[in-house]
Amino acid sequence: MATAAWERLLVTPALYRYRGVLGEPEASEALARLEAELDWQRPSLRLYGREHPIPRHQVWMGEPEARYRYSGRDFHPLAWHPAVAAIRERINHLLTSRGIETGFNSVLLNRYADGHERMGWHSDDEPELGEDPVIAAVTLGSERPLRFRWKHGSGEAFNVWLPHDSLLLMGSGCQSSLQHALLPRRIPGLRISLTFRRVLSHAERH
Ligand SMILES: O=C(O)CCC(=O)C(=O)O
Ligand SMILES: [Fe+2]
């Protein structure tokens with residue numbers, strides 16, 4: 001088993017990194033295909049009555065029922081692109097072999113043209129993700145740090161560097177005890193991340 005490739009970054013909450021998740025040339029080919037073939041969107045979010053275009057591009061993809069409400073907007077998923085479906089298969093295989101059943105039915109793809117593009121502080125704790133979601137984030141392209149900070153108490157903020165072709169597994173407790181952000185840095189180059197999620201059906205929510 002390739003368990004040696006898993007690095008445990010935290011025990012509680014469960015935070016793991018895995019390097020070389022797709023291998024080459026698959027990882028570089030996936031980056032080029034996603035960049036060229038996806039219909040990247042830059043939606044605006046409404047803040048204090050004003051529309052602000054988000055500082056990155058994104059695509060929401062998945063099963064038709066996996067609708068997602070984010071910052072006051074409903075996102076309808078696009079059908080699986082074959083390159084994204086292949087990455088989902090790989091991630092599912094990797095996690096299943098560790099006994100983790102995720103049932104990912106959707107993915108948010110984020111495209112950062114360079115280090116100026118970013119994502120602000122948040123937890124992925126929307127009700128449609130359930131009580132304690134598992135989120136698997138694949139990085140393709142430029143290596144940047146994802147910064148984490150604790151929601152309660154005085155623990156220090158920390159960086160997790162995410163190299164090309166790596167997977168970050170945010171497991172139990174991550175969204176309830178931590179926030180994360182991709183802060184602007186003087187780092188050149190395109191980065192695409194794929195954050196796989198399981199959106200619950202209405203019947204599964206309470
Ligand atoms: O780009 C990243 O690595 C972070 C993305 C993220 O936090 C999200 O999609 O919720
Ligand atoms: Fe996130």
Side-chain angles (χ1 to χ4, degrees), residues 7 9-10 13-19 21-22 27 30-31 34-35 38 40-43 45 54-62 66-75 77-78 84 87-88 91 102 104-151 157-185 187-200:
E7 291 168 74
L9 306 172
L10 290 177
L15 189 64
Y16 293 83
R17 179 172 54 198
Y18 188 103
R19 296 170 196 259
V21 66
L22 303 177
L31 176 63
L34 298 180
E35 161 73 341
L38 295 191
W40 293 102
Q41 303 283 325
R42 181 170 231 155
L45 298 179
I54 60 171
R56 63 189 173 276
H57 284 76
Q58 71 181 32
V59 170
W60 178 243
M61 196 177 285
R67 282 194 308 278
Y68 197 52
R69 213 171 156 73
Y70 173 71
S71 293
R73 308 276 298 247
D74 254 333
F75 290 97
L78 296 180
V84 178
I87 296 172
R88 181 178 68 150
I91 302 300
T102 53
F104 293 136
N105 58 7
S106 51
V107 59
L108 180 64
L109 296 107
N110 303 294
R111 177 192 179 279
Y112 310 91
D114 60 33
H116 296 296
E117 299 206 334
R118 61 197 183 272
M119 186 180 293
W121 287 108
H122 68 282
S123 301
D124 295 289
D125 55 1
E126 290 79 5
E128 48 267 63
L129 298 178
E131 282 287 303
D132 191 18
V134 173
I135 294 179
V138 174
T139 291
L140 300 172
S142 194
E143 176 170 7
R144 289 176 63 171
L146 193 65
R147 188 145 182 91
F148 286 86
R149 69 183 184 194
W150 299 91
K151 290 195 201 175
F158 59 94
N159 285 336
V160 176
W161 285 84
L162 298 173
H164 172 61
D165 195 23
S166 66
L167 168 69
L168 182 72
L169 185 67
M170 292 189 272
S172 186
C174 273
Q175 307 306 325
S176 55
S177 47
L178 291 164
Q179 288 187 320
H180 54 275
L182 194 79
L183 300 177
R185 297 279 290 235
I187 297 175
L190 171 71
R191 174 175 182 272
I192 290 177
S193 67
L194 303 89
T195 52
F196 289 90
R197 301 132 192 273
R198 185 163 118 78
V199 173
L200 303 182

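We count ligands from 1, going down the list as the structure has it; atoms in each ligand are counted the same way.
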Salt bridge or not between Arg197 and Asp124? Use side-chain N to carboxylate O under 4.0 Å. yes
Salt bridge Glu7-Arg17, side-chain N to carboxylate O under 4.0 Å: yes
Sidechain-backbone polar pair: Asp114 side chain, Gly189 backbone, donor-acceptor under 3.5 Å: no
For the residue pair [Y] / [X], report whether a side-chain donor-acceptor contact shorter than 3.5 Å exists.
{"X": "His57", "Y": "Asn110", "value": "no"}
{"X": "Asn105", "Y": "Arg198", "value": "no"}
{"X": "Arg191", "Y": "Thr139", "value": "yes"}
{"X": "Ser142", "Y": "Arg144", "value": "no"}

Kindly print each ligand 1 N/O atom paired with any protein N/O atom under 3.5 angstrom away, one pair per line, or none if nothing qualifies.
| from | atom 1 | to | atom 2 | distance (Å) |
| --- | --- | --- | --- | --- |
| ligand 1 | 1 (O) | Tyr112 | OH | 2.7 |
| ligand 1 | 1 (O) | Arg191 | NH1 | 2.9 |
| ligand 1 | 1 (O) | Ser193 | OG | 2.7 |
| ligand 1 | 3 (O) | Arg191 | NH1 | 3.3 |
| ligand 1 | 3 (O) | Arg191 | NH2 | 2.7 |
| ligand 1 | 7 (O) | His122 | NE2 | 3.2 |
| ligand 1 | 7 (O) | His180 | NE2 | 3.0 |
| ligand 1 | 9 (O) | Asn110 | ND2 | 3.0 |
| ligand 1 | 9 (O) | Thr195 | OG1 | 2.9 |
| ligand 1 | 9 (O) | Arg197 | NH2 | 3.1 |
| ligand 1 | 10 (O) | His122 | NE2 | 3.2 |
| ligand 1 | 10 (O) | Asp124 | OD1 | 3.1 |
| ligand 1 | 10 (O) | Asp124 | OD2 | 3.3 |
| ligand 1 | 10 (O) | Arg197 | NH2 | 2.8 |

What I'd like to find out is whether the side chain of Glu35 reaches to under 4.5 Å of the side chain of Ile192, using heavy atoms alone. yes
Are Arg88 and Phe196 packed together at the side-chain level, in the sense that at least one heavy-atom pair is separated by less than 4.5 angstrom? yes
Could you name all protein N, O or S atoms found under 2.8 Å from the Fe ion (ligand 2)? His122 NE2, Asp124 OD2, His180 NE2
